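Only this structure's heavy atoms are used, side chains among them; waters, hydrogens and symmetry mates stay out. Note that this is a predicted model, so its numbers are computed, not measured.
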Amino acid sequence: AQETGLHDEL
Amino acid sequence: MNLFRFFGDMSHLASILILLYKIHATRSVRGLSFKTQALYVTVFVARYLDVFTEFVSVYNTLMKIFFISSSCFVLYLMKGRYRPTNDPSIDTFRVEYLLGPCALLALIFHYRWSFLEVLWSFSIFLESVAILPQLFMLQRTGEAETITTHYLAALGAYRALYIPNWIYRYWSEDVIDPIAVTAGIVQTALYLDFFYVYFTKVLQGQKFELPA
């Protein structure tokens, strides 16, 4: 698994 | 987007509509913690500043605008129109004990060392504890209007639904967001006590009252 760091959640 | 996250977001949306309905219907902000509401404004502003720099989806953008504007509107209702019904003397939780540690945690744990990223981490940590002044107030007064408990239940359900969302994303997309997951689990845990009383009393038609 990789860390998202993508803030696509609210 | 999966169903857990979608229903979580809808629950979040519903919680704010219930909150606005409570204020409108009772013409009062009694039983609400101004500090918690002010912390939510801080959380949303800190996290959603990226609405100007990042584009995820129309849904994402609209929700961000809604959360920022509705939380600011609630603050206005509490300090403006319904100010006489607000009682700061029972809203005594010391928010500096939350802001300081959250700022420190954000400086230590973040994904990138940039202003917006540290602010994002700060908002995640702060959201996890923003409900504490409200729960503290509930504990202090020992009771709550039923409509207020529905607000809290919807807010808690939103957080709880994000947990299966992360589990789902972990095996379907192979991604994990350790900061959001850790803070999210803490945040959900804070509601457990409330949920126990909500399920055993409010949903059985009784008033929300804590044992003396």
Side-chain angles (χ1 to χ4, degrees), chain A, chain B residues 1-2 4-6 8-13 43-44 46-51 53-57 59-68 109-112 114 116-117 119-121 123-124 127 158-159 161-162 165-181 183-184:
Chain A
Q2 61 184 122
E3 290 186 358
T4 54
L6 274 173
H7 309 314
D8 61 349
E9 293 181 347
L10 285 160
Chain B
M1 175 65 72
N2 57 63
F4 299 116
R5 183 145 58 111
F6 179 71
D9 289 345
M10 289 305 110
S11 186
H12 193 188
L13 205 60
V43 165
F44 295 142
R47 190 178 313 162
Y48 299 156
L49 274 180
D50 71 356
V51 77
T53 59
E54 304 283 330
F55 179 78
V56 178
S57 63
Y59 169 84
N60 188 278
T61 300
L62 289 178
M63 293 291 264
K64 284 174 175 172
I65 294 171
F66 175 79
F67 290 131
I68 291 179
F109 302 102
H110 46 258
Y111 294 121
R112 277 191 303 276
S114 74
L116 280 184
E117 280 296 309
L119 215 52
W120 179 87
S121 276
S123 83
I124 293 289
E127 188 193 346
Y158 144 62
R159 291 317 312 183
L161 282 162
Y162 259 63
N165 153 61
W166 291 319
I167 296 171
Y168 180 82
R169 295 191 80 178
Y170 179 74
W171 63 257
S172 70
E173 298 166 40
D174 200 34
V175 291
I176 186 159
D177 188 331
I179 295 175
V181 171

message: Which residues pass the ring-ring contact (aromatic ring centres under 6.0 Å, His included) test with Phe4(B), not counting sequence neighbours?
response: none

query: If only atom types and distance count, is the side chain of Asp50(B) paired as donor or acceptor with the main-chain N or O of Thr53(B) below 3.5 Å?
result: no

Among Glu173(B), Arg5(B), Met63(B), residue most engaged with chain A (heavy-atom pairs, under 4.5 Å): Arg5(B)

message: Atom OH of residue position Tyr168(B) - does it have more than 12 heavy atoms of other residues, nucleotides or ligands inside 6.0 Å?
response: no

- prompt: Does any heavy atom of chain A fall under 4.5 Å from the side chain of Asp9(B), the backbone, both, or neither of them?
  reply: side chain

message: Can you tell me which of Trp171(B), Phe67(B), Trp166(B), Phe44(B) forms the most heavy-atom pairs within a distance under 4.5 Å of chain A?
response: Trp166(B)

statement: So, the part of Phe55(B) with a heavy atom under 4.5 Å from chain A: the answer is neither

task: Answer yes when Lys64(B) and Glu54(B) have at least one side-chain N-carboxylate O distance shorter than 4.0 Å, and no when they do not.
output: no

